[in-house]
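A short worksheet on the structure shown next.
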Protein chains: 2
Amino acid sequence: MEARQRRPIGRPRGFDADEALERALLVFWEQGYEGASLANLTDAMGISTTSMYATFGNKEELFRKALERYTEGPSAYLGRALDEPTALGVVTAIFAGTVRTTARPTGPNGCLGVQGALATGDSSRGARDLLIAWRDNGFSRIRERFERAVDDGDLPPETNPALLARYVTALAYGIAVQAAGGVGRDELQDMADAALRNWPPC
Amino acid sequence: MEARQRRPIGRPRGFDADEALERALLVFWEQGYEGASLANLTDAMGISTTSMYATFGNKEELFRKALERYTEGPSAYLGRALDEPTALGVVTAIFAGTVRTTARPTGPNGCLGVQGALATGDSSRGARDLLIAWRDNGFSRIRERFERAVDDGDLPPETNPALLARYVTALAYGIAVQAAGGVGRDELQDMADAALRNWPPC
DNA sequence: ACCCTTCTGCAGCGATCGATGCAGAAAATG
DNA sequence: CATTTTCTGCATCGATCGCTGCAGAAGGGT
């Protein structure tokens, strides 16, 4: 069989779908799902609504794909953090990644997974539930990493991994909320450093 | 002078403005500023849009008044917490109040001051900025309380009150985000208790 | 009685919401 | 060349958005 078709049949796309999705991600990140209108999105993406619907489906599907891109891009620090050899290293990397991603010198502040659709009307419940599942997935991965740390003897055997994961995610979400309100990167990093001086906290 | 006019001039209101505002508060709390449409609000309030505009001004003013009601009602625990004699007592009360208010057996979950308008479109920037100021006010009151605790010798003199206040508010916002996602009251309270076992954390 | 003031119900305002139908353009295929 | 497939630009859809004009109702003052 062939390695890959040279070009797909039919008229080729007149824009870069990846770059368009990146632009859409930035709009969702800054304005939230409900605050981002189709006009906002397509303007930023540089395409017509027709092209958007043909390529991405609809607004909710576009949001879902933007969230995937966010997970593999700005939020990819989580996966790397979980590979740190110690629980302390994991949490240090999580907090550093959270601060770096949510309080940025340019671009949107805050976390898409938090502010994208935290409280919504009925018509946006799909996006809201999607983010709830996204956050829950992050929590579960951290909890499982702490379970392994307990098994490794890295964390004391009496540690409650779920409780500890709740603590870490809560602090990370709190950092994201503060960053969304304009609190600066240095102040948030100092706070995270201070919180890490007591580890494990419970 | 008289104690009070018996009745104001003109046709009297056909509804209880306080109760209508309470209903509006619940809608904003659950659906956010952008997710709460005028139809949602007036339906819940049991009045017409005309009466709403005559009584409260417009949607943004209604939100402002609902936030005031929230501050003096569900969020009033903050003021009481700051009156606790020790910094540890203050933080314990703040966390307990946050958990109790954001993870409720009935009614909206989460914190209006966080999820009411965290990321919005341009047309809702007023509500967003209002909540940023609301959160900043809470932060400042906690920071000032910690400054006093340092002066009192209740907290070590090398304590950074602003940093500590960032930590407390971050954890509280994190609790609110988790509660908005459906995390239960007991689990959040256990986490807060565990975090308090190390105090001050920095 | 009469006027004045305030509130309510109905209807509808222009604008924007997310989403589509359709004709033609741009490519591969034959 | 003609055919097929896919994508684009234009125009627009019905629904909903926040909001308001207006006539009449419901009270007080004189």
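In the text below, chain A, chain B and the rest are named by the order of the sequence lines, each starting its count at 1.
- You'll find a donor-acceptor pair under 3.5 Å spanning the side chain of A/T50 and the base of D/dC10, going by distance alone.
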Can I get a per-line list of side-chain donor-acceptor pairs under 3.5 Å for residues 104-119 of chain A, giving both atom names and the distance, sequence neighbours left out?
residue : atom : partner : partner atom : Å
A/N109  : OD1  : A/R104  : N            : 3.2
A/Q115  : NE2  : A/W29   : O            : 2.8
A/Q115  : NE2  : A/N109  : O            : 2.8

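- At a threshold of 4.0 Å, the pair A/E68-A/K65 does not count as salt-bridged, since none of the basic side-chain nitrogens sits closer than that to a carboxylate oxygen.
- For the pair A/D43 CG and C/dC17 C1', the interatomic distance rounds to 14 Å; values are reported in whole Å.
- Atom CG in B/D16 sits roughly 15 Å away from atom C1' in C/dC7 (whole-Å rounding).
- Separation of atoms CZ (B/F56) and OG (B/S51) is listed at 10.0 Å; rounding is to 0.5 Å.
- A salt bridge does not link B/R148 to B/E144: none of the charged nitrogens lies less than 4.0 Å from a carboxylate oxygen.
- The distance from atom CZ of A/R185 to atom CG of A/L188, rounded to the nearest 0.5 Å, is 10.0 Å.
- Side chain of A/D152 to main chain of A/D154: no donor-acceptor pair is present (N/O by atom type, distance under 3.5 Å, no hydrogens or angles).
- DNA chain C is contacted by both A/Y53 and B/P12; B/P12 maps to the nucleotide lying nearer its 5′ end (nearest heavy atom per residue).
- Neither OP1 nor OP2 of D/dT16 sits under 4.0 Å from any side-chain N or O of B/S37.
- Separating the CZ atom of B/R13 from the P atom of C/dT5 is a distance of 18 Å, rounded to the nearest angstrom.
- Cation-pi geometry between A/R128 and A/Y33 is not met at under 6.0 angstrom from the ring centre and within 45 degrees of the axis.
- The side chain of B/S51 places an N or O atom within less than 4.0 Å of a non-bridging phosphate oxygen (OP1 or OP2) of C/dT8.
- In this entry the distance linking CG of A/L38 with C1' of D/dA15 reads 14 Å, nearest Å.
- We find that CE of B/M52 is positioned 15 Å from P of C/dC7, with the value rounded to whole Å.
- Taking atom CZ of B/R11 as the reference point, atom P of D/dG24 lies 14 Å away to the nearest angstrom.
- Both A/T49 and A/T55 lie near DNA chain D, and the one whose nearest nucleotide falls closer to the 5' end is A/T55.
- As a whole-Å value, the separation of B/N40 CG from D/dA15 C1' is 14 Å.
- For A/I9 and C/dT29, the CD1 to C1' distance is 6 Å, given to the nearest whole Å.
- Overall bending of the helix from C/dA1-D/dT30 to C/dG30-D/dC1, expressed as the angle between end axes built from five pairs apiece, is 10° (10° steps).
- Among the protein residues, A/A36 comes within range of the sugar-phosphate backbone only, with heavy atoms under 4.0 Å from sugar or phosphate atoms but none that close to a base.
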